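Just below is one structure, and these are the notes that go with it.
Owing to the predicted nature of the structure, the values given are computational and were not obtained by experimental measurement. Residues: numbered from 1 along the sequence shown.
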Amino acid sequence: QVQLVESGGGLVQAGDSLRLSCAASGRTVSNTVMAWFRQAPGKEREFVAHILWSGDYIYYTNSLKGRFTISRDNAKNTIYLRMNSLKPEDTAVYYCAGGRVISTVVSRYTNWGQGTQVTVSS
């Protein structure tokens with residue numbers, strides 16, 4: 001089993017930055033690809049970005065390209081999401097996910113963290 005624990009969320013003002021972390025433990029070798037998703041109140045969970053532990057295949061949803069950066073630290077088994085120039089519409093619970101298949105689809109990911117709340121005030 002793989003355990004994923006997110007941290008780094010909080011309440012910030014529009015224009016601020018945050019860095020989310022996702023610490024992976026357990027059978028991390030079973031999660032070739034790691035991703036960030038987010039879910040705003042009343043909306044479906046949506047893809048944000050993915051990365052392989054090798055650092056390859058970094059991909060962002062178009063609307064967030066240029067403001068968000070995904071990265072990884074293999075020595076710490078940790079994935080990061082740096083979010084700049086935050087907007088109120090970025091308010092959501094952010095989830096870390098792991099899977100075997102490179103995908104932007106929620107159902108293709110088999111391991112999920114509990115989520116971390118990001119709230120951006122105007």
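- For the pair L18/V118, a side-chain contact is recorded, criterion being any heavy-atom separation below 4.5 Å from C-beta on.
- Note that the CD atom of E6 and the CG atom of L20 stand 8.5 Å from one another [nearest 0.5 Å].
- Here the straight-line distance linking atom CD1 of I79 with atom CE of M34 works out to 5.0 Å at 0.5 Å rounding.
- Between atom OG1 of residue T61 and atom NE2 of residue H50 there is a gap of 10.5 Å, rounded to the nearest 0.5 Å.
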Could you give me the CA-CA distance, side-chain angles and deciding distance for V48 and L64, then say whether side chain to side chain contact (heavy atoms under 4.5 Å, CB included) is met? CA-CA 7 Å; V48 173; L64 299 176; 3.7 Å; yes

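- Both W36 and V2 are assigned to one and the same hydrophobic cluster, defined by single-linkage of ILVMFWY side chains at heavy-atom distances under 4.5 Å.
- How far OG of S85 is from CZ of R67: 6.5 Å, rounded to the nearest 0.5 Å.
- Atom NZ of K76 sits in a sparse spot, with 12 or fewer heavy atoms from other residues, nucleotides or ligands closer than 6.0 Å.
- To the nearest 0.5 Å, the span separating CD on Q39 from OH on Y95 amounts to 5.5 Å.
- For the atom pair CD1 of I58 and CD1 of I51, the computed distance is 4.0 Å after rounding to the nearest 0.5 Å.
- V5 and L81 fall into different hydrophobic clusters, defined by Ile, Leu, Val, Met, Phe, Trp and Tyr side-chain heavy atoms under 4.5 Å apart, directly or through other members.
- The number of heavy atoms from other shown groups lying within 6.0 Å of CZ (R108) does not exceed 12.
- The shortest side-chain heavy-atom distance between V106 and F47 does not fall under the 4.5 Å cut-off.
- Using bins of under 30°, 30° to 60° and over 60° for the plane-to-plane angle, the ring pair W112/F37 lands in the tilted bin.
- By the 30° and 60° cut-offs, the orientation of the rings of F68 relative to Y94 is tilted.
- For the residue pair T78 and D73, no side-chain donor N or O sits within less than 3.5 Å of a side-chain acceptor on the partner.
- A donor and an acceptor atom, one from each side chain of T91 and E89, are nowhere located under 3.5 Å apart.
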